[in-house]
Amino acid sequence: IEHKHVPAYVPWLVLVAVVFTYINIGAYWTYIELASLNSEASPDWVSKMLVYTSVFSVIGCAVATLISNRFGLARPLLATLVFQAVIVGMLANGINNINVMISMFSFNFCWIFVDVYQSATVANVDHSGRFLALMPGAQGLGQIVGPNLAASILAAGLGYNSIFMMCAAASLFAMLVYLVMYLQLKKTIPALADAS
């Protein structure tokens, strides 16, 4: 019954946020290794981190489910996007063995959080399944735009630190889109705003 009252723009807002989330993700994964090799971090260390941190995707999936069951989808998603912006943005001040390790582990962990929460949010606001079917397209668009924006930043001579600032900004923009949507739904359909 509540679903019938969801404004038509809400699922589109989610897809816009997905695009910006994947601008961050696409640019980060395209350039993290290259940026690390161009820093004081050890190349051998970075290659090991790229392998080991993938395990955190599985752990992140389990933890994301437990958290959403307790706190719903919206608030953990907002917090995750802010945290992701912080862990990407910290690399703008330089990369070393410690902060690249923290960034890679945290990014993999949060990446799955974001995917789980975004997919569930689309399913909650659009029971028809049409917008869920558009999610891979939104993710793909973000993965195309992100690395291309990052390449343009490098071509302009702004360096890897500017790429990570752009990634952080994309994550924060996605968070702002979700925040606007959450506040609107909180006023009109509170049960949907805090759904898990």
Following the transitive rule for hydrophobic clusters with a side-chain heavy-atom cut-off under 4.5 Å over Ile, Leu, Val, Met, Phe, Trp and Tyr, establish whether [X] and [Y] coincide in one cluster.
| X | Y | result |
| --- | --- | --- |
| Leu183 | Val82 | yes |
| Val86 | Ile32 | no |
| Trp111 | Leu66 | no |
| Leu37 | Leu154 | no |
| Leu13 | Leu134 | yes |

[X] side, atom [atom1]; [Y] side, atom [atom2] - distance, nearest 0.5 Å:
| X | Y | atom1 | atom2 | answer |
| --- | --- | --- | --- | --- |
| Leu179 | Leu81 | CG | CG | 11.0 Å |
| Arg75 | Arg70 | CZ | CZ | 10.5 Å |
| Ile87 | Ile102 | CD1 | CD1 | 10.0 Å |
| Thr30 | Ile25 | OG1 | CD1 | 11.0 Å |
| Ser152 | Met166 | OG | CE | 9.0 Å |
| Leu91 | Ser36 | CG | OG | 7.5 Å |

Hey, is the main chain of [Y] close enough, under 3.5 Å, to the side chain of [X] for a donor-acceptor pair?
| X | Y | result |
| --- | --- | --- |
| Asn38 | Leu34 | no |
| Ser47 | Asp44 | yes |
| Ser103 | Val88 | no |
| Asn99 | Asn96 | yes |
| Asn24 | Ser171 | no |
| Tyr178 | Gln118 | no |
| Asn108 | Thr53 | yes |

Which atom of [X] lies closest to which atom of [Y], heavy atoms considered:
| X | Y | result |
| --- | --- | --- |
| Pro147 | Gly142 | CD-O, 4.1 Å |
| Leu132 | Asp126 | N-OD2, 4.3 Å |
| Ile153 | Ser162 | CG2-CB, 3.6 Å |
| Leu73 | Ala120 | CD1-CB, 3.5 Å |
| Val122 | Phe131 | CG1-C, 3.7 Å |
| Tyr31 | Ile163 | CG-CD1, 4.1 Å |

Residues, nucleotides or ligands: over 12 heavy atoms within 6.0 Å of Met101 CE: yes
Flag if over 12 foreign heavy atoms under 6.0 Å of CH2, Trp29: yes
Audit row: Phe20, Met175, side-chain contact (heavy atoms from CB on, under 4.5 Å) steps and yes/no: CA-CA 9 Å; Phe20 277 91; Met175 184 277 298; over 6 Å; no
Parallel, tilted or perpendicular, as decided by the 30° and 60° cut-offs, for the rings of Phe107 and Tyr28: parallel
Phe173 and Ile23: CA distance, side-chain angles, deciding distance, side-chain contact (heavy atoms from CB on, under 4.5 Å) verdict: CA-CA 11 Å; Phe173 186 82; Ile23 286 173; over 6 Å; no
Gln139 and its side-chain contact (heavy atoms from CB on, under 4.5 Å) partner, picked from Ile144, Asp115, Thr21: Asp115
Leu15 and Met135: CA distance, side-chain angles, deciding distance, side-chain contact (heavy atoms from CB on, under 4.5 Å) verdict: CA-CA 7 Å; Leu15 290 181; Met135 272 197 71; 3.9 Å; yes
Close side-chain approach of Phe83 to Ser106, heavy-atom, < 4.5 Å: yes
Tyr160 ring center within less than 6.0 Å of Phe164 ring center: no
Within the 6.0 Å centroid threshold, strictly below: Phe105 and Phe109: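 So the answer is no for these two rings.
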Intermediate values then yes/no, side-chain contact (heavy atoms from CB on, under 4.5 Å), Asn161 and Met165: CA-CA 6 Å; Asn161 59 333; Met165 291 305 294; 5.6 Å; no
